[in-house]
Amino acid sequence: MFDFQELDVYQNAKSFCILMQNLIADSKFDRVTNDQLYRASFSIMLNIAEGCSRFSKKDRKNFMVIARGSAFECAAILEFLYEVSKMDKDTYTGYVSGLEEISKMLFAIIRKLKNN
């Protein structure tokens, strides 16, 4: 098992990515929205993994910052989908709550890497 696979933030990001894959498969969003949501959700998970492979704290921190940016990107896409009535409020709120948790976890890692 790789180190990143043991991280709660990675497991949460992977679960979120799976949720987004299922949402895309079950919904009739346009191709651009599907692609962007797919790539952004996948990016969270992949940047956490790649960041864990880096030796310097600066490099690891950079990948965690990118992962957090992708979480924000997903939040913006989901807000757009909610605003154009492509998803209901409860669904939107549930997805965004998961993203907020991932974002907080990433922020804690970023802060720790900055201070050490």
Side-chain angles (χ1 to χ4, degrees):
M1 179 176 269
F2 291 96
D3 291 346
F4 69 85
Q5 292 172 305
E6 297 176 10
L7 295 175
D8 288 338
V9 68
Y10 172 80
Q11 292 299 326
N12 288 0
K14 182 175 69 171
S15 294
F16 180 78
C17 186
I18 292 167
L19 282 173
M20 293 302 98
Q21 300 269 328
N22 292 334
L23 174 66
I24 291 165
D26 295 340
S27 301
K28 296 185 191 256
F29 306 141
D30 63 87
R31 185 183 58 79
V32 173
T33 302
N34 285 344
D35 182 59
Q36 203 63 31
L37 185 56
Y38 173 85
R39 292 164 56 101
S41 64
F42 213 30
S43 177
I44 301 167
M45 184 180 98
L46 294 179
N47 277 292
I48 293 167
E50 189 169 356
C52 290
S53 76
R54 302 305 171 148
F55 292 106
S56 77
K57 289 180 182 179
K58 182 179 178 183
D59 282 345
R60 278 181 273 170
K61 182 182 127 203
N62 185 51
F63 280 93
M64 298 305 156
V65 168
I66 293 168
R68 190 165 182 259
S70 294
F72 279 56
E73 185 177 357
C74 287
I77 295 166
L78 292 169
E79 180 183 35
F80 171 79
L81 291 171
Y82 170 67
E83 292 289 329
V84 297
S85 302
K86 297 286 185 178
M87 77 175 48
D88 63 55
K89 185 175 181 102
D90 290 340
T91 302
Y92 166 72
T93 303
Y95 291 147
V96 170
S97 292
L99 280 171
E100 286 175 345
E101 182 63 25
I102 292 167
S103 176
K104 287 176 185 177
M105 295 171 92
L106 287 167
F107 183 76
I109 293 168
I110 292 163
R111 192 169 174 196
K112 182 178 179 185
L113 289 170
K114 181 179 180 183
N115 293 334
N116 286 336

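Throughout, numbering of the chain's residues begins at 1 and tracks the sequence.
Side chains of Gln21 and Tyr38 form a contact here, defined as non-hydrogen atoms less than 4.5 Å apart. Residues Tyr95 and Leu99 have side chains not in contact (no heavy-atom distance under 4.5 Å, counting atoms from C-beta outward). In this structure, Tyr10 and Cys52 have side chains that are not in contact, with every pair of non-hydrogen atoms separated by 4.5 Å or more. You'll find the side chain of Ile18 reaches within 4.5 Å of the side chain of Lys14, heavy atoms only. Considering only heavy atoms from C-beta on, Met105 comes within 4.5 Å of Glu101 through its side chain.
Leu19 is connected to Ile77 through a chain of hydrophobic side-chain contacts under 4.5 Å among Ile, Leu, Val, Met, Phe, Trp and Tyr, so both are in one cluster. Using a 4.5 Å cut-off between side-chain heavy atoms of Ile, Leu, Val, Met, Phe, Trp and Tyr, with links allowed through other members, Met64 and Phe2 fall into the same hydrophobic cluster. Using a 4.5 Å cut-off between side-chain heavy atoms of Ile, Leu, Val, Met, Phe, Trp and Tyr, with links allowed through other members, Ile66 and Phe16 fall into different hydrophobic clusters. When the side chains of ILVMFWY residues are joined at heavy-atom separations under 4.5 Å, either directly or via intervening members, Val84 and Tyr82 end up in a single hydrophobic cluster. Leu78 and Val32 fall into different hydrophobic clusters, defined by Ile, Leu, Val, Met, Phe, Trp and Tyr side-chain heavy atoms under 4.5 Å apart, directly or through other members.
Taken to the nearest 0.5 Å, the CD1 atom of Ile48 stands 9.5 Å off from the OG atom of Ser43. In this structure, the separation between OH on Tyr92 and CD on Glu83 is 7.5 Å, given to the nearest 0.5 Å. One distance of note links OG of Ser70 with CZ of Arg39; it measures 10.0 Å at 0.5 Å rounding. For the atom pair OG of Ser41 and CD of Gln36, the computed distance is 10.5 Å after rounding to the nearest 0.5 Å. The OG atom of Ser103 sits 9.0 Å away from the CD1 atom of Ile44 when rounded to the nearest 0.5 Å. The CG atom of Leu106 sits 12.5 Å away from the NZ atom of Lys104 when rounded to the nearest 0.5 Å.
At distances below 3.5 Å, not a single donor-acceptor pair connects side-chain atoms of Ser27 with backbone N or O atoms of Ile24. In this structure a side-chain-to-backbone donor-acceptor pair under 3.5 Å is present from Thr93 to Lys89.
In this structure, Asp30 places its CG atom where more than 12 heavy-atom neighbours from other residues, nucleotides or ligands lie under 6.0 Å away. Atom CZ of Phe80 sits in a sparse spot, with 12 or fewer heavy atoms from other residues, nucleotides or ligands closer than 6.0 Å.
The two residues Ala67 and Asn47 come nearest to each other via the heavy atoms CB-CB, 3.9 Å. Contact record, Gln11 with Gln5: NE2-O, 2.8 Å, taken as the closest heavy-atom pair. Between Phe42 and Cys17, the shortest heavy-atom distance links the atoms CD1-SG, 3.4 Å.
Between Glu50 and Arg54 there is a salt bridge, since a side-chain N of the basic residue sits under 4.0 Å from a carboxylate O of the acidic one.
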